[in-house]
Amino acid sequence: MQEIKFILHGQFHRPNGHVMNDQLGYIAATKEDAIATCNRLYPNFVINKVEIDESEVEVVKLQSLI
């Protein structure tokens with residue numbers, strides 16, 4: 001199964017009325033799984049847009065310290 005990185009754009013709505021724009025990233029098999037995880041972890045986050053992050057994965061190479 002291939003997992004995809006999804007970026008969820010939206011707003012946190014605080015009980016005191018403060019609204020903060022933010023982006024949350026989730027690695028999931030489907031868009032629906034990413035949304036479900038976000039809703040479970042942050043129920044006060046209102047999702048406006050979901051996109052797939054297609055950026056290149058950075059590969060870290062080990063180097064000898066000697």
Side-chain angles (χ1 to χ4, degrees):
M1 169 174 35
Q2 181 183 4
E3 293 187 320
I4 303 166
K5 182 176 179 185
F6 293 94
I7 306 295
L8 283 62
H9 302 269
Q11 299 174 329
F12 279 104
H13 290 263
R14 306 285 185 211
N16 64 0
H18 178 73
V19 177
M20 181 177 71
N21 293 323
D22 207 350
Q23 300 172 7
L24 303 175
Y26 292 95
I27 297 174
T30 66
K31 175 181 165 182
E32 291 75 21
D33 290 342
I35 292 171
T37 301
C38 179
N39 288 334
R40 181 173 41 84
L41 296 174
Y42 302 104
N44 60 345
F45 186 74
V46 177
I47 301 167
N48 297 328
K49 178 177 135 182
V50 178
E51 63 182 26
I52 295 174
D53 181 7
E54 296 179 0
S55 62
E56 287 292 320
V57 177
E58 181 180 345
V59 177
V60 178
K61 295 182 181 179
L62 297 177
Q63 293 181 339
S64 174
L65 298 176
I66 300 174

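This structure is a prediction, so every number in the text was calculated from the model and none was measured. All heavy atoms count here, side chains included; hydrogens, waters and symmetry mates do not.
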Can you hop from Ile47 to Leu24 via hydrophobic side chains spaced under 4.5 Å? yes
Gln11 and side-chain hydrogen bond (donor to acceptor under 3.5 Å, both in side chains): which single residue from Asp22, Asn44, Asn21, Asn48 fits? Asn21
Within the 4.5 Å heavy-atom criterion, are Phe6 and Ile52 side-chain neighbours or not? yes
Rounded to the nearest 0.5 Å, how far apart are CG of Asp53 and CD1 of Ile4? 11.0 Å
Contact summary for Ala28 and Ala34, nearest pair of heavy atoms: CB-N, 3.8 Å
How long is the span from the CE atom in Met20 to the NE2 atom in His13, to the nearest 0.5 Å? 11.0 Å
Test of understanding: clusters of I, L, V, M, F, W, Y form through side-chain heavy atoms closer than 4.5 Å, transitively. Do Phe45 and Val19 belong to the same one? no
Say you draw a straight line from CD of Glu51 to CG of Leu8; how long is it, rounded to the nearest 0.5 Å? 9.5 Å
So do Arg40 and Thr37 actually touch side chain to side chain, heavy atoms under 4.5 Å? yes
Mind checking whether Tyr26 and Val46 sit in one hydrophobic cluster, side chains of I, L, V, M, F, W, Y counted as touching below 4.5 Å? no
